[in-house]
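All figures in this text were calculated on a predicted structure; none of them were measured in a lab. Numbers restart at 1 for each chain; the letters A, B, ... are given by sequence-line order, proteins then strands.
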Protein chains: 2
Amino acid sequence: MPKTKQFDETEVLRKARNVFWVKGYNGTSMDELVRATGLSRSSIYDTFGDKHGLFVRSIQLYGQEEREALAKIMQNDFSPKKKIHLLFKGMIGDILEDKDNKGCFIVNIITELSCLDKQVTAMASEEMARSEEALFQWVRQGQAAGEINKSHSARTLARHLQNTIYGLRVTGKAGANRAILEDIAKAALSVLD
Amino acid sequence: MPKTKQFDETEVLRKARNVFWVKGYNGTSMDELVRATGLSRSSIYDTFGDKHGLFVRSIQLYGQEEREALAKIMQNDFSPKKKIHLLFKGMIGDILEDKDNKGCFIVNIITELSCLDKQVTAMASEEMARSEEALFQWVRQGQAAGEINKSHSARTLARHLQNTIYGLRVTGKAGANRAILEDIAKAALSVLD
DNA sequence: ATTTATTTGGAACATTCGTTCCAATAACTT
DNA sequence: AAGTTATTGGAACGAATGTTCCAAATAAAT
């Protein structure tokens, strides 16, 4: 009987998330979100509650898509070490391709809101833990296969790699070029050899 | 003849900067700045122009104090490599001590505003370049003295160290404890051996 | 085609935002 | 001590903020 929703919720979330990603939470106004999503205020409020609710859903979408992307990399046939190298190469490519220089959504959230919004911070931290876990698994497998150095524990190396990724995200957002980013990755990854 | 300023400009800037540091630029209102600095709106506007001007001056103060702190470390008698280790140890201490979990002012600025404010981004980038230069000098000296590995260039290692510091700042702001931060530093610094 | 339930657009809301203004204040000079 | 001048506090401003509301529109079911 009722009129059905005229928009794809995921598509709207993707558009909203991109605005948040570029401008941050506090830097984004509802006016911009209305313009970016193409739907009206009432539809947004009816569907997502309020600005904060829309932000939370944006993060959830990001997490979901991130998990799917990771799963795709997981199931290729390269060795663990090669996977790590490909992850870094791909990330550097993403950083340089992104004309908006958005950086990492999670890093942006942590630096903007970790003092101000516990709920959102918890969501971001969970995402960080998840990706560290993937790195940890690869390092462990790589060490078992003998292609990754064992002078540091798998946990230590995973933390180091994760930390390097956050650094690259910041360095990249600060305007570093390909040569610099690859230089950093080279040095950081040499710990695995 | 005139009435003189009743406040210490540097002291006011320090208070304002701390608010910006905790809440970000867009997350900070003039009301909060009035409350935090203890002086009135007119005094702020008369002295610093507007909110953005106050922010710019806050960054300049940060840069100045950072430079002084760096100079102090520079002139101790430890070896270059030891200086680097001390820098990391000190930074981890700072991160854990800071009950506000402010993170790094420069990193916060880059992640919040690199898409939105070119002037501020340029100032932050300059600060980043300056600290990379200090690291570069230490690495070069350490390599010359034979205490730092030469399999990577001094520039590469400096970039890697700088990148690790940014990472630590983010990881720390995400709530990591001492064990994790020291683990990361240990792995990252092992590239120097 | 009519009914029904929900979405939708846009006007309107109170609040907060950054900023301006002015009268009152107070310090330095003579 | 008196005059001069910049500082100061607080009221006031328009614009922008996040949010609410309601009449009109619309798609599904009868």
Side-chain angles (χ1 to χ4, degrees), chain A residues 1-60 108-109 112-113 115-120, chain B residues 1-60 108-109 112-113 115-120:
Chain A
M1 323 149 186
K3 181 177 173 182
T4 56
K5 279 222 157 63
Q6 298 297 292
F7 56 87
D8 178 12
E9 217 168 289
T10 302
E11 201 56 45
V12 167
L13 277 174
R14 206 169 280 132
K15 288 174 182 170
R17 182 202 56 190
N18 283 344
V19 183
F20 283 130
W21 202 338
V22 172
K23 306 203 155 196
Y25 180 73
N26 284 319
T28 300
S29 70
M30 279 308 267
D31 242 20
E32 290 177 274
L33 291 168
V34 166
R35 235 175 300 137
T37 58
L39 40 86
S40 71
R41 290 179 140 64
S42 20
S43 297
I44 293 182
Y45 278 89
D46 191 68
T47 311
F48 304 105
D50 56 9
K51 183 185 175 187
H52 192 267
L54 179 56
F55 188 58
V56 166
R57 292 286 309 276
S58 297
I59 299 173
Q60 287 171 344
N108 294 358
I109 290 171
E112 182 187 1
L113 300 172
C115 305
L116 309 174
D117 190 324
K118 284 204 287 185
Q119 180 194 355
V120 158
Chain B
M1 324 148 187
K3 181 178 175 182
T4 55
K5 280 222 155 62
Q6 297 297 292
F7 56 88
D8 179 11
E9 217 167 289
T10 303
E11 200 57 43
V12 167
L13 277 175
R14 206 168 282 133
K15 287 173 181 170
R17 182 202 55 189
N18 282 344
V19 183
F20 283 131
W21 201 338
V22 172
K23 306 202 154 198
Y25 179 72
N26 285 319
T28 301
S29 71
M30 280 307 266
D31 242 20
E32 291 178 271
L33 291 168
V34 167
R35 237 175 299 136
T37 57
L39 41 85
S40 72
R41 290 178 139 64
S42 20
S43 298
I44 293 181
Y45 277 89
D46 191 68
T47 311
F48 304 105
D50 57 8
K51 183 186 174 185
H52 192 266
L54 179 56
F55 188 57
V56 166
R57 291 287 308 277
S58 297
I59 299 174
Q60 287 171 344
N108 294 357
I109 290 170
E112 183 187 1
L113 300 172
C115 304
L116 310 173
D117 189 325
K118 283 203 289 185
Q119 180 194 355
V120 159

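- A:Ser42 meets the side-chain hydrogen bond (donor to acceptor under 3.5 Å, both in side chains) test with A:Ser40; sequence neighbours excluded.
- Applying a 4.0 Å cut-off to non-hydrogen atoms, the residues of residues 22-34 of chain A that approach DNA chain D are A:Thr28, A:Ser29, A:Met30, listed by residue number.
- One can place CZ of B:Phe7 at 8 Å from P of D:dT7, the figure rounded to the nearest angstrom.
- Shown for residues 47-58 of chain A: residues whose heavy atoms fall under 4.0 angstrom of DNA chain D, namely A:Asp50, A:Lys51.
- Applying the salt bridge (Lys or Arg N to Asp or Glu O under 4.0 Å) definition to pairs two or more places apart or across chains, those involving residues 41-53 of chain B are B:Asp31-B:Arg41.
- Using a distance-only test at 3.5 Å, with no hydrogens or angles considered, a donor-acceptor pair links the side chain of A:Thr37 to the main chain of A:Leu33.
- Two residues are said to be in side-chain contact when any heavy atoms from C-beta on lie closer than 4.5 Å; B:Leu54 and B:Arg17 fail this criterion.
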Give every donor-acceptor pair under 3.5 Å between a side-chain atom in residues 20-28 of chain B and any protein atom, sequence neighbours left out.
| unit_1 | atom_1 | unit_2 | atom_2 | d |
| --- | --- | --- | --- | --- |
| B:Trp21 | NE1 | B:Gly103 | O | 3.0 |
| B:Lys23 | NZ | B:Glu32 | OE2 | 2.6 |
| B:Thr28 | OG1 | B:Gly24 | O | 2.6 |

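- Using a 4.0 Å cut-off on heavy atoms, the residues of residues 35-45 of chain A that approach DNA chain D are A:Arg41, A:Ser42, A:Tyr45, listed by number.
- Using a 4.5 Å cut-off on side-chain heavy atoms (C-beta onward), B:Met30 and B:Tyr45 make contact.
- Within the 4.5 Å cutoff, side-chain heavy atoms of A:Gln119 are placed close to those of A:His52.
- Inter-residue side-chain proximity for A:Asn108 and B:Glu112 is flagged as unmet; no heavy-atom pair is nearer than 4.5 Å.
- Using a 4.5 Å cut-off on side-chain heavy atoms (C-beta onward), B:Thr47 and B:Phe7 make contact.
- B:Val34 has its side chain out of reach of B:Leu39: every pair of non-hydrogen atoms, C-beta onward, lies at least 4.5 Å apart.
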